[in-house]
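Here is how names work: the chains are called A, B, and so on, in the same order as the sequence lines, proteins then strands, and each is numbered from 1.
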2 protein chains.
Amino acid sequence: MRTNDAAGRVRAKRLPREVRERQILDAAVGVFSQRGYHAASMDEISEVADISKPMVYAYLGSKEDLFAACIRREATRLMEAIADGVSGAGDRPDVQLWHGLRAFFGFVGEYRDSWQVLHRQASAQGGPFAQELLDMRRRAVSLVAALLLNTADSEAATLHADAMAAALVGAGESLADWWLDHPEESAGAVAARLMNLVWMGFGNLVEGQMWQPPK
Amino acid sequence: MRTNDAAGRVRAKRLPREVRERQILDAAVGVFSQRGYHAASMDEISEVADISKPMVYAYLGSKEDLFAACIRREATRLMEAIADGVSGAGDRPDVQLWHGLRAFFGFVGEYRDSWQVLHRQASAQGGPFAQELLDMRRRAVSLVAALLLNTADSEAATLHADAMAAALVGAGESLADWWLDHPEESAGAVAARLMNLVWMGFGNLVEGQMWQPPK
DNA sequence: CAGTAGGCTTACTCGCGAGTAGGTACGCGG
DNA sequence: CCGCGTACCTACTCGCGAGTAAGCCTACTG
């Protein structure tokens with residue numbers, strides 16, 4: 001059934017809880033990504049979700065709860081996308097990394113808002129929700145680190161793996177931001193850029209070649 | 001001359017404007033970095049600065065103005081530190097990059113609050129101040145890109161320079177965050193990690209070697 | 001068809017924080 | 001010793017936004 005609200009807009013009524021929760025989360029991700037956590041208002045979120053504010057509180061709880069729910073959903077999506085990418089990639093580590101990068105940039109390209117919420121907003125908040133996100137990021141770093149360790153168990157590689165994984169993840173994040181200003185590139189092309197940078201570097205490191213500062 | 005405030009604390013009085021402005025900026029950087037832009041209150045900043053709120057407004061203007069002033073000061077400090085590092089490094093591009101990285105990580109280690117404000121808070125705000133910071137970052141990326149272009153003017157290098165510079169800057173930022181969890185490392189050691197990753201990679205790229213995805 | 005439960009709303013309270021009005025103290029030049 | 005400007009303060013206003021009270025409407029259930 002339908003009805004018209006004060007502005008004359010048509011508004012669907014009496015939808016099941018599941019559907020409303022999805023609407024609310026979608027709206028929240030959009031508003032959080034655009035305004036930032038604090039500047040986002042529950043009023044605006046409820047308006048975008050086309051539902052009244054008390055429903056938001058009834059279904060998703062407080063503003064912090066809602067934000068945490070956004071983080072959780074988007075982070076899960078991203079990690080699943082990457083895991084899917086890596087899983088079908090055989091066992092050559094470089095190919096696994098390549099598929100992981102492709103999946104990552106594919107996700108960022110497709111869900112910019114999600115990416116904004118994850119990368120910018122969540123990490124800027126000191127609150128308890130940031131933990132949620134930092135854990136996910138840590139998992140991503142671990143995944144990459146494990147992958148790098150696969151390439152060789154030389155002592156040099158072991159010592160560097162987690163730091164290098166952190167650097168690689170950061171490079172990926174930054175390149176994703178760069179990509180927003182260069183939308184003419186495909187996800188694959190961007191992934192290839194990063195792959196070249198890090199793999200040709202790791203290729204040397206694995207073979208024991210290291211850059212040395214001059215005396 | 002001195003006096004005691006309500007809490008009995010001793011409080012310096014009638015200081016010249018310059019000194020107060022420094023105090024206020026120092027306090028603001030600390031509070032912004034700890035709480036984030038929106039969660040930081042002018043009341044807390046004025047309290048930390050040990051001065052009353054109207055003075056903050058009289059000297060530095062609105063909250064946005066104050067934040068922009070923080071960004072400007074800290075970004076200038078950082079860029080100067082890096083420029084100083086690079087300037088005394090001769091003309092070998094790898095050595096220049098090495099000194100730049102050392103200077104960068106040295107700064108981050110010494111001024112964590114400044115780094116927090118620059119990296120996390122500023123980039124998360126959509127407002128006009130973010131522009132200030134993004135410009136600085138762009139300058140950093142340009143500096144790195146120019147440096148990379150020095151290494152070779154092969155077509156491959158030219159095509160990749162700005163993207164690679166973005167990736168490198170991101171890797172540096174991320175590694176700086178990683179460093180906060182591994183304080184046992186020296187700034188030089190962290191810089192060396194990143195140098196190895198990117199230089200050994202670029203070394204190959206410059207010589208025309210590229211990683212190829214399998215068919 | 002009465003009862004009820006859950007989807008949904010309007011219309012509030014209330015505290016917090018940005019920004020200000022309107023002064024008081026103190027030093028300095030005459 | 002008298003302005004007078006500048007450093008500085010207390011004590012407000014006022015709007016915005018988180019969270020809630022109190023109920024309305026309708027689809028199903030027995």
statement: Expected string for nucleotides 17-24 of chain C under the B/S/- scheme (protein heavy atoms, under 4.0 Å, primed atoms plus P, OP1, OP2 as sugar-phosphate) is -BBBB---
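Remark: B/Phe32 engages B/Tyr37, B/Phe67 in a ring-ring contact (aromatic ring centres under 6.0 Å, His included) (not counting sequence neighbours). Remark: A/Ser62 engages A/Glu64, A/Asp65 in a side-chain contact (heavy atoms from CB on, under 4.5 Å) (not counting sequence neighbours). Here A/Glu44 pairs with A/Val31, A/Arg35, A/Ser41, A/Val48 under the side-chain contact (heavy atoms from CB on, under 4.5 Å) rule; sequence neighbours left out. Scanning for side-chain hydrogen bond (donor to acceptor under 3.5 Å, both in side chains) contacts around B/Arg72 gives B/Glu132, with sequence neighbours left out.
B/Arg20 has a side-chain polar atom (N or O) that falls below the 4.0 Å cut-off from OP1 or OP2 of D/dC8.
Evaluation of the salt bridge (charged side-chain N to carboxylate O under 4.0 Å, His left out) test over residues 101-111 of chain B, restricted to residues two or more places apart or in two chains, returns none.
In this structure, of C/dG7, C/dT10, D/dA7, it is C/dT10 that holds the atom nearest to the side chain of A/Ser52.
Remark: C1' of D/dC9 and CD of B/Glu47 are 15 Å apart, rounded to the nearest angstrom. Per the geometry, CD belonging to A/Glu18 stands 15 Å off C1' belonging to C/dG6, to the nearest Å. One atom, CE of A/Met55, and another, P of C/dT9, lie 7 Å apart when rounded to the nearest Å. A/Tyr59 has its OH atom 18 Å from the C1' atom of D/dG19, to the nearest Å. The nearest whole Å value for the distance from the CD atom in A/Glu21 to the C1' atom in C/dG7 is 13 Å. The distance between atom CG of B/Leu15 and atom P of C/dC26, rounded to the nearest whole Å, is 14 Å.
For the pair A/Arg77 and A/Tyr111, the cation-pi criterion (under 6.0 Å, within 45° of the ring axis) is fulfilled.
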